[in-house]
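Letters go in sequence order (proteins before strands), and every chain restarts at 1. These numbers come from the heavy atoms of this one structure, side chains and all, not from hydrogens, waters or symmetry mates.
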Protein chains: 2
Amino acid sequence: MSSVNAPEHASRMKSEDRRELILEAATAVFGEFGYVGATTDQVARAAGVSQPYVVRMFGSKEKLFLEVLDRAHDRLLSTFRAVLAAPEPDVSISTQLGRAYVDLLADRGLLLSLMQAFVLGSDPAIGARARRGFLAMYEMLRDEAKFEPVEISQFLAGGMLINTLVGMRMSDEFESNPLATELLTTALPEKLDCLLDIGRAPSSVAP
Amino acid sequence: MSSVNAPEHASRMKSEDRRELILEAATAVFGEFGYVGATTDQVARAAGVSQPYVVRMFGSKEKLFLEVLDRAHDRLLSTFRAVLAAPEPDVSISTQLGRAYVDLLADRGLLLSLMQAFVLGSDPAIGARARRGFLAMYEMLRDEAKFEPVEISQFLAGGMLINTLVGMRMSDEFESNPLATELLTTALPEKLDCLLDIGRAPSSVAP
DNA sequence: GTCTATAGGATGATAGAC
DNA sequence: GTCTATCATCCTATAGAC
């Protein structure tokens, strides 16, 4: 058994810890550059390990990305389940889930990685995984949140609009472009301030 | 001056015609594989020309993609303007624009290419172009369609949900997966049949 | 205007030392 | 468990013939 406080060598840690570290780095890198655009070397640098190590630990770039996706889906669903398990009184579930969703943007890369998978539907492995995750979300909204069809539709649509605006970095122009300011203000009522905080946060991905 | 009906050589046509041909091919290819994932060689094959010719005509892969984006934005805006210029009576503008939007899916790759640009916000050139196009759409909905803020928000959100479902090829599972059937039915009321037609159409991009 | 040939650079993956 | 070295592949872009 190994101590968390005094690992024998800083450069030598349990496989599970490294794994988690790399998955976090990969989430940020894939979110920023996309599945094809990101390189295993970028992931390795962000995680502080060597490029071959990343490939060796996950088998391939594709398998790494699939794990990133699974992790993101798990986080998303468990976050929503936490809200449903302990809802605030006097606030609609839809609003609470919406807030929880925007809060997830703090995890730079998480929702962006999902978004990246959404445009890869024609890839056999990745497309299938993306659809599975999206359908799981639908099922949760229907069965656990007890949403009506219209609510589901509106909730998903709102989420995709947020994803899109974040994906295209619209908040970058919030201050410089009045039109962008107006769009963000009208399209994302009450979710704006959080989104802008995220936008100002330093990117965790080195250039 | 050259005749449209009798080009001297089938393999030799006016620059403008080839240009249009390549842009159409590029739209399909970029939509299917994304900006990074698509290769200039795939575009060339789809257009029936050589790979260096594609690069030479547009300067670079990036410039080609930017032209694809501009074309797509133009098509989108002019389609909407056509609806606004001759609206059907007794049908809300929002509904008519929504229908026009879904009809655009028939142009395989057009909306998908836009979607691909949405996830490339961190790319300086492409991100800027994507934001500009999105903002132009916002401006049109506000000034020409005279939408209220809520209408704009809902309209854009609905569009992004459609993009996402199309991007991840959810309609591929329409028949095999009951959950997918239900999701598509509830999330896209009255737009479904058109979307499924598109899904069944043969891909214009060779494997 | 269009092609063939190819240079030049990057990247995913493997082999093997420590 | 982790790294260095390196291979093989692929892809954009250029050069130059026709």
N/O contacts under 3.5 Å, protein versus nucleotides 4-7 of chain C?
none

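Here the C1' atom of nucleotide dG1(D) and the CD1 atom of I22(A) are 11 Å apart, to the nearest Å. Across the protein-nucleic acid pair, F65(B) atom CZ and dT12(D) atom P stand 13 Å apart, rounded to whole Å. K63(A) has its NZ atom 9 Å from the P atom of dA13(C), to the nearest Å. Between the NZ atom of K61(B) and the C1' atom of dG9(C) there is a distance of 14 Å, given to the nearest Å. F58(A) has its CZ atom 13 Å from the P atom of dA13(C), to the nearest Å. As a whole-Å value, the separation of D41(A) CG from dC3(D) P is 12 Å. Spacing between atom CE of M57(A) and atom C1' of dT14(C) amounts to 17 Å, rounded to whole angstrom units.
Taking F80(A) as the reference, F155(A) meet the ring pair (Phe, Tyr, Trp, His ring centres under 6.0 Å) condition, with sequence neighbours excluded. For E173(B), the side-chain hydrogen bond (donor to acceptor under 3.5 Å, both in side chains) test picks out R131(A), N177(B), with sequence neighbours left out. Under the rule for a ring pair (Phe, Tyr, Trp, His ring centres under 6.0 Å), F174(A) has no partner lying at least two apart in sequence or in another chain. Contacts of F118(A) classified as ring pair (Phe, Tyr, Trp, His ring centres under 6.0 Å), with partners at least two apart in sequence or in another chain: F134(A).
Of the candidates dA13(D), dG16(D), dG16(C), the closest approach to any side-chain atom of R56(B) belongs to dG16(D). Considering only side-chain atoms of V49(A), the nucleotide from dC3(C), dA13(D), dC3(D) that sits closest is dC3(D).
Sequence neighbours left out, the pairs with a member in residues 116-129 of chain A that pass salt bridge (charged side-chain N to carboxylate O under 4.0 Å, His left out) are D70(A)-R129(A).
Annotation: R19(A), atom CZ; neighbour count of heavy atoms from other residues, nucleotides and ligands within 6.0 Å is above 12.
Contact annotation for A38(A): backbone-only contact, meaning every heavy-atom pair under 4.0 Å involves sugar-phosphate atoms and none involves a base.
Nucleotides of DNA chain D nearest to E16(A) and G37(B) differ in position, and the one nearer the 5' end is that of E16(A).
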